Q: 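Structure provided below as structure tokens; questions to follow.
What's counted below: heavy atoms across the whole structure, side chains too, no hydrogens, waters or symmetry copies. Everything quoted here is computed from the prediction, not taken from an experiment.
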Amino acid sequence: MRHLIRLNDYTKKEIKEIFYIADELQQGKYKDFLKGKTIIMFFPESSIRTRVTFEKGIYLLGGQTILFSPETLDKKEEIKDVISYLNDWADGIIVRHKNISMLENMAQYAKMPVINAMTDVNHPCEMLADMYSLSKIRADFTKDSFLFVGAKGNIGLAWKEASECMGFSLEQCCPVGYEMPDICVSHNLNEAVCGKDIICTDSLSKDKLKDFANYQITLQHMEHANPNAILNPCPPFFRGEEVSEDVIDSKYFVGYDFKKYLLEIQQAVIIFNMIS
């Protein structure tokens with residue numbers, strides 16, 4: 001039994017094992033793997049993609065989900081007591097909560113897997129799904145040069161976790177004051193895109209839009225990246241903010257199909273953590 005709190009809880013070899021399980025799922029294996037099992041989910045109402053893929057994935061594996069709001073965890077009762085009771089009835093916990101220390105505390109007492117569905121500092125399942133999708137369209141994505149254009153936040157830090165696990169080159173481009181630690185940072189977008197293969201973005205809060213006015217990825221920027229470069233904006237993305245309308249309509253945008261494997265990856269994470 002394993003937990004997934006941070007992506008670097010896994011080794012590169014273990015991530016490849018998760019990818020292999022995702023391949024097997026597409027071949028029809030693991031049917032009824034969760035039959036008779038109950039997964040407790042803590043998700044806000046605003047979650048769409050992550051919740052849909054987890055909930056449908058559990059259903060397709062024969063399992064049952066019980067949904068609570070993350071605010072259910074923010075109460076006077078100690079989390080040790082909450083988890084100690086859930087140990088009697090649940091077979092897994094999937095949590096989207098802003099504070100990663102909440103998940104770390106839950107994992108300390110849980111006798112079943114605790115899986116991080118997003119915090120304020122990372123988003124490991126999203127990165128696993130993106131890397132799995134890249135493995136389907138690139139000969140070896142770990143040899144590609146990645147650029148994250150955006151502020152220090154959960155998506156940028158999650159890409160940093162991914163680069164540390166898998167060993168690929170990652171740089172950041174952002175205005176002064178938004179840098180991630182221990183990473184090569186450029187403040188000039190025109191220069192940063194040159195020589196890059198995978199361009200990643202994150203949406204911007206209203207208070208950051210003015211500072212990032214000169215950091216919008218456009219079609220012209222992508223034309224200066226390496227041949228066959230792709231644009232992978234983290235949803236939800238917003239045309240006219242971190243990405244332009246024309247670049248989303250271009251060949252560089254990997255499209256909605258890129259995220260379709262999120263379903264199998266969520267399932268593979270559950271299976272891997274239960275059998276490990």
Q: For a quick test of reading the model, state the closest non-hydrogen atom pair linking Asp91 to Pro113 and the distance between them.
A: O-CD, 3.5 Å
Q: Going by the rule side-chain hydrogen bond (donor to acceptor under 3.5 Å, both in side chains), which residues pair with Asp32 if we only count those two or more places apart in sequence or in a different chain?
A: none
Q: Can you get from Ile40 to Ile270 by hopping between Ile, Leu, Val, Met, Phe, Trp and Tyr side chains that sit under 4.5 Å apart?
A: yes
Q: Less than 3.5 Å apart, any donor N or O on the side chain of Asn228 or Asp197 sitting next to an acceptor on the other?
A: no
Q: Give a yes-or-no answer on whether the side chains of Gln267 and Tyr30 include a donor-acceptor pair shorter than 3.5 Å.
A: no
Q: What I want to check is whether the side chains of Asn122 and Thr119 have a donor and an acceptor closer together than 3.5 Å.
A: yes
Q: Determine whether the side chains of Ser163 and Lys160 contain a donor N or O and an acceptor N or O closer than 3.5 Å.
A: no
Q: Over all heavy atoms of both residues, which pair between Val185 and Cys174 is shortest? Give the atoms and the distance, please.
A: CG1-SG, 4.0 Å
Q: Just jot down the side-chain contact (heavy atoms from CB on, under 4.5 Å) partners of Asp9, sequence neighbours excluded, or say none.
A: Ile5, Arg6
Q: According to salt bridge (charged side-chain N to carboxylate O under 4.0 Å, His left out), does anything in residues 210-225 pair up with another residue at least two apart or in another chain? List the pairs.
A: none
Q: Among all residues two or more places apart in sequence or in another chain, which pass the side-chain contact (heavy atoms from CB on, under 4.5 Å) test with Lys75?
A: Glu77, Val82
Q: Please tabulate, for side-chain N and O atoms in residues 48-63, each donor-acceptor pair with protein atoms closer than 3.5 Å (sequence neighbours left out).
A:
unit_1	atom_1	unit_2	atom_2	d
Thr50	OG1	Arg96	NH2	2.7
Arg51	NE	Glu55	OE1	3.0
Thr53	OG1	Arg49	O	2.7
Thr53	OG1	Thr50	O	3.1
Thr53	OG1	Gln266	NE2	3.1

Q: Would you say Glu161 and Asn8 are linked by a side-chain donor-acceptor pair, where the criterion is simply a distance under 3.5 Å?
A: no
Q: Side chains of Ser203 and Glu241, heavy atoms from C-beta outward: is any pair under 4.5 Å?
A: no
Q: If you apply the rule side-chain hydrogen bond (donor to acceptor under 3.5 Å, both in side chains), what do you find for Asn99 with Asp120, and how did you get there?
A: CA-CA 6 Å; Asn99 193 343; Asp120 279 355; over 6 Å; no
Q: Which other residues belong to the hydrophobic cluster containing Ile217, where Ile, Leu, Val, Met, Phe, Trp and Tyr are joined when side-chain heavy atoms lie under 4.5 Å apart, directly or via other members?
A: Leu147, Val149, Tyr178, Leu189, Val193, Ile199, Leu204, Leu209, Phe212, Tyr215, Leu219, Met222, Leu231, Phe237, Val243, Val247, Ile248, Tyr252, Phe253, Tyr256
Q: Who passes side-chain contact (heavy atoms from CB on, under 4.5 Å) against Lys143, sequence neighbours left out?
A: Asp140
Q: For the residue pair Gln64 / Thr38, report whether a side-chain donor-acceptor contact shorter than 3.5 Å exists.
A: yes
Q: Suppose we screen for ring pair (Phe, Tyr, Trp, His ring centres under 6.0 Å). Which residues come up paired with Phe68, at least two apart in sequence or across chains?
A: Phe42
Q: If you look at every heavy atom in Cys165 and Tyr10, which pair is closest and at what distance?
A: SG-O, 3.9 Å
Q: Would you list the atom pairs, donor with acceptor, under 3.5 Å between side chains in residues 15-23 and any protein atom, with sequence neighbours excluded?
A:
unit_1	atom_1	unit_2	atom_2	d
Asp23	OD1	Tyr132	OH	2.4
Asp23	OD1	Lys136	NZ	2.8

Q: For the residue pair Ala162 and Met127, what are the closest heavy atoms and their distance?
A: CB-CB, 4.4 Å
Q: Check side-chain contact (heavy atoms from CB on, under 4.5 Å) between Asp74 and all other residues, then give those that pass, not counting sequence neighbours.
A: His97, Met102
Q: Can you list everything that forms a salt bridge (charged side-chain N to carboxylate O under 4.0 Å, His left out) with Glu78? Sequence neighbours excluded, please.
A: none
Q: Applying side-chain hydrogen bond (donor to acceptor under 3.5 Å, both in side chains), which residue pairs with at least one partner in residues 165-174 are found, sequence neighbours left out?
A: Glu171-Lys196
Q: Between His3 and Asn273, which heavy-atom pair has the shortest distance, and what is it?
A: C-ND2, 3.4 Å
